[in-house]
Amino acid sequence: MIEFRHVTKTFPQGRSTVTALDDIDLTIAENEMFGIVGESGSGKSTLLRLINHLEAPTSGAVRVDGEDLSALPARAQRERRRRIAMVFQQFNLLANSTVFDNVAMPLRLQGRRERDTVMQMLEFVKMAGHRDKHPSTLSGGEKQRVAIARALANRPRILLCDEPTSALDSGHTEEIMATLDEVRTQFHTTIVLVSHELDVIKSSCDRAAVLEQGRLAALTDVVAPPTRERTGSYADRAREYLA
Amino acid sequence: MNDLLARLADYRGEIITSIVETGYMIGNSVLAAILVGLPLGTLLYLSRPGGPYERRWLHSVLNTYVNVVRSVPFLLFVVALIPFTRWLVGTSFGTTAASVPLAFVAAALYARFSEQTLLDVPEQTVELARSLGANPVQLITRFLYSEARSGLVLSLTTVTISMVSYSTIMGVVGGGGVGDFAIRYGYQTYEYDLMYTTIALMIVVVMLIQGTGTLLARSIDKRAR
Ligand SMILES: Nc1ncnc2c1ncn2[C@@H]1O[C@H](COP(=O)(O)OP(=O)(O)OP(=O)(O)O)[C@@H](O)[C@H]1O
Ligand SMILES: [Mg+2]
């Protein structure tokens, strides 16, 4: 469970400050797929980064499973952060490392060499055949799948996704969203999904928060859209949609 | 031509000695670049304003140090450093003593180059390391150096080549080396062909160093292609 209690976050900017988040109150339940939408600069990424404590709140408290990371020493914070994985818009794969080494990284940082876990995660995202390639040879969708495999390697309780499909075309977007849906059902991961693409939120999330200039403008249940056909190639769907 | 070859044969001993001396001075300074310059550059990168471990005072102290070492004219630097050199290696004369100022310059140069190379690593790489709970050592070795490795090799190549050039004047403190040989036997005894031969030799050496560096950098760079 993730709780925001009167969370405000400001950043210094020159002599004044910018308020990125303003008095946010929010509870995200276990195994929920929670969406965060809002315009550029509305504070979506900041909200996400508060959850794994890459940023500390200026005031108020963020608690994960009842624990406030601000209260912990740096070492313990790093330790907790490993249970909260992150998926980025630009994938953030290490360009000089192979697919396998990228996925193995979270484990190696803890001195763990678990080949099987890595291969299992690569199987899960259907990238096992690409394990010896370097990221530059992969498509955007494939890169993001590798990034998801990496995020899962530590068996995280929480998966934070910051615009995971914004750099992808629509075919790859659906593929990634399908993968995230599967992550939730197979691993019971709580997923917090930031996106400005309403379609993406609508198709997968249970609830969503709407941010506006750092304030929580709305908190709403998401009604799933009429089930869309997720099969067929991009060309098939394009023809179907346009004709 | 035959005459030149004959004299080269005569000087064979001295030529080999001077090549060994140059190699020794450059080896020492490249070692200093790696063992001192790289950590210094890494600290500059980490401690910069807005960096992953911002320490403004540390950054400005290191930054000033690097600027000072790089801005003093080299010959003056060699002379100014004599008391320190004498304290460190017991003498201010000879090849080992000559290595000291070279090592200082190499470390400062490589500190600056490696800082700049690290600045080219995408900010997202640091963000990734933090989100994975990497500790500072892991951030440096497994993320920064890994992603910056080809740039680090290329800039070390540049430093090495600069040291070939700097080392030529170490004759002033009895450092010897190829440059000293060219001046003593080529220029001062009017054997210009000997001097030009030596210059040609150094050009070949520089090209070899550059070629090796470029090749190595390219083979470990997997970022695009
Ligand atoms: N490290 C920082 N330093 C200064 N200001 C920041 C920092 N991070 C965010 N901000 C500011 O806080 C506000 C919210 O930023 P945030 O990145 O959370 O927005 P966002 O909703 O993710 O936007 P986008 O859709 O463009 O990614 C913006 O005004 C931004 O300029
Ligand atoms: Mg953002």
Just by modelled atom types, is the F113(B) backbone N or O under 3.5 Å from a matching donor or acceptor in the Q116(B) side chain? no

Can you label the angle between the F74(B) ring and the Y166(B) ring as parallel, tilted or perpendicular, going by 30° and 60°? tilted

Check whether the ring centres of Y53(B) and Y45(B) lie less than 6.0 Å apart, and answer yes or no. no

Please state whether the side chain, the backbone, both or neither of [X] comes within less than 4.5 Å of a heavy atom of chain B.
{"X": "R75(A)", "value": "neither"}
{"X": "N52(A)", "value": "side chain"}
{"X": "R150(A)", "value": "side chain"}
{"X": "I84(A)", "value": "backbone"}

Are the side chains of L193(A) and F34(A) in contact, using a 4.5 Å heavy-atom criterion? no

Taking the side chain as every heavy atom from C-beta outward, state whether R70(B) and R112(B) have any pair of such atoms under 4.5 Å apart. yes

As an exercise: rank N96(A), L93(A), L94(A), N92(A) by heavy-atom pairs under 4.5 Å with chain B and give me the winner. N96(A)

